[in-house]
Amino acid sequence: MNAYLICFWAILQREVLRFFQQRSRLLSALVRPLLWLVVFAAGFRSALGVSIMPPYESYILYQEYIVPGLCAMIILFNSMQTSLSMVYDREMGSMKILLMSPIPKSFLLLSKLIAAACLSLLQVVIFLLLANLVDVEIPWWGFIYAIPSVFLSAFFLGALGLILSNFIKQLENFAGVMNFVIFPMFFLSSALYPLWKIQESSLWLYWICQYNPFTYCVEMIRFALYGQTNIQASMVVLSCVLVCGWVAVGTFKPKK
Amino acid sequence: MSITITDVTYSFKAKPVLSAINLTLNPGFNVLLGPNGAGKSTLLSLLTGQRTLQQGNITFADYDITQETRAIMGQLGVVFQQTTLDLDLTVLQNLTYFGALHGLSAALVLERITPVLTQLALIERLHDRVRSLNEGHRRRVEIARCMIHLPQYLLLDEATVGLDVDSRKLIIEHIRAIVASQKLTVLWTTHLMDEVLEQDPLFILNQGKLIEQGLCQSLLLKHQQSSVFDLYRALTQPQGLL
């Protein structure tokens, strides 16, 4: 087998093994979105009415509306946790082993991002299957159609996480940054409320959400789950992948 | 297959850590001796590309470290002072992961590593998580790991510090046996004098300067000292403390 393929496969295997060995991470990856879906969405169901808007062809329940946002949230958390593992590797010394490889660093980083994207996809699929149990029906072909969207979003958010990890010297600092990145990105997007509803309540908030690239991840996944393509969202996310990927590889700091 | 270090100077936040280091490491067991903070680990991190050269030059045979880092990494085996194993993976998973980073298949890694692990009395622990191993066993795994890709050069940074006598003896004898059979260039950094033999090329670093180099027995004669410990003390400690 080609040396690059062997290397990629090993990085993928390591990330998957670590994910399944860290039970709390596995559990929280599934429980977190389910809590939002079952508890939060149930509570807001009567308060929030969602009118007909693309890609939906009829009135939908609030639970159904937030599922794409929760899929994006899973990707966001997983991507940031992958970056966290980079900080951990740097702090614990195992990053040195990665640097001793004769294989180019850009390929190693790309492999890490692909591995993180595969983990994100796995979690999204499990979440969607569980969502079906609470009467959120996503067409089965939506699962297939959403794969590229999930991958693209995972790449963008993973690269963003890598950029952030360059500025973090200790694990403790990373937790703080996560609070300043994950939550604002998630709440200031169309994950929980449609943008027109945000516009009704606050115009400046609406513009922040419009300029938040995470909004486009959510919308891209939302359309894909129903077999449609949101060209604008896809283009924005693709641009973010290219820019963040380039910056992440170019500015990667393997040392403390 | 020599390593040549020429005029290497390195500073950290304007504080000099290494000053005009010049030395050549020839095939064999070379010992770098120096007290804590002498600059041994910094020199090793420059040799392994973990730090970028600020001044001077390092070559591995014909390869320049600033130009052909990847080619050098393919021929370099390293044991760092701080453990670099993934504690959540098993011994085998750690070894196959490292092998894969060098493009080696798991089957090939297992084939190469089985006799080494047998010699290091680790074969029984192959499927144990590294977290469950004691410090001595973890070190042995790292020693085995640094040989997987059949390197030409071995750099070991205080590989036996903190280990019990038996583990230290096993590791150092293993490395010396490899050097004898495979003609590798080894740099063994330590501050444990009993690890130095009279026939070893010895390099003594103190406060960022290479204060002495040569065959251990020649240096003992030159400085009229009876043991490596006395030689080391005479060269590294201020007169008032002797």
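Keep in mind the model is a prediction, meaning the values are calculated, not measured. Computed over heavy atoms, backbone and side chain alike; hydrogens, waters and symmetry mates excluded. Below, read A as the first sequence line, B as the second, and so on, with proteins coming before strands; counting in each chain starts at 1.
Residues of residues 108-124 of chain A lying under 4.5 angstrom from chain B, judged on non-hydrogen atoms, are A:Leu108 in numerical order. The contact list for residues 146-159 of chain A toward chain B, using heavy atoms and a distance under 4.5 Å, is empty.
When every heavy atom of A:Ser101 is checked against every heavy atom of B:His102, the shortest pair comes out as CA-NE2, 4.2 Å. Contact detail for A:Leu99 and B:Met73: the closest heavy-atom pair is O-CG, 4.1 Å. What you find for B:Thr48 and A:Met100 is that their closest heavy atoms are O-SD, 3.9 Å. Among all heavy-atom pairs drawn from A:Ile103 and B:Gly103, the shortest one is CD1-N, 4.4 Å. Considering all non-hydrogen atoms of both residues, B:Arg145 and A:Ile97 come closest at NH2-CD1, 3.2 Å.
Evaluation of the side-chain hydrogen bond (donor to acceptor under 3.5 Å, both in side chains) test over residues 107-123 of chain B, restricted to residues two or more places apart or in two chains, returns B:Gln119-B:His174. Pairs passing the salt bridge (Lys or Arg N to Asp or Glu O under 4.0 Å) check and including a residue from residues 1-28 of chain B, sequence neighbours excluded, do not occur.
For B:Asp86, the part sitting under 4.5 Å from any heavy atom of chain A is the side chain, from C-beta outward, and nothing else. Only the side chain of A:Leu17 comes within contact range of chain B, with at least one heavy atom under 4.5 Å from a heavy atom of that chain. Proximity to chain A is limited to the backbone of B:Leu104, based on heavy atoms less than 4.5 angstrom apart. In this structure, chain A has a heavy atom under 4.5 Å from the backbone of B:Thr83, while its side chain stays farther away.
One finds the OH atom of B:Tyr97 at 4.5 Å from the CZ atom of A:Arg14 (value rounded to the nearest 0.5 Å).
Between B:Gln93 and A:Gln13, every side-chain heavy-atom pair lies at or beyond the 4.5 Å cut-off. Side chains of B:Phe98 and A:Leu98 form no contact here, defined as non-hydrogen atoms less than 4.5 Å apart.
Within a 6.0 Å radius of NZ in B:Lys209, no more than 12 heavy atoms belonging to other residues, nucleotides or ligands are found.
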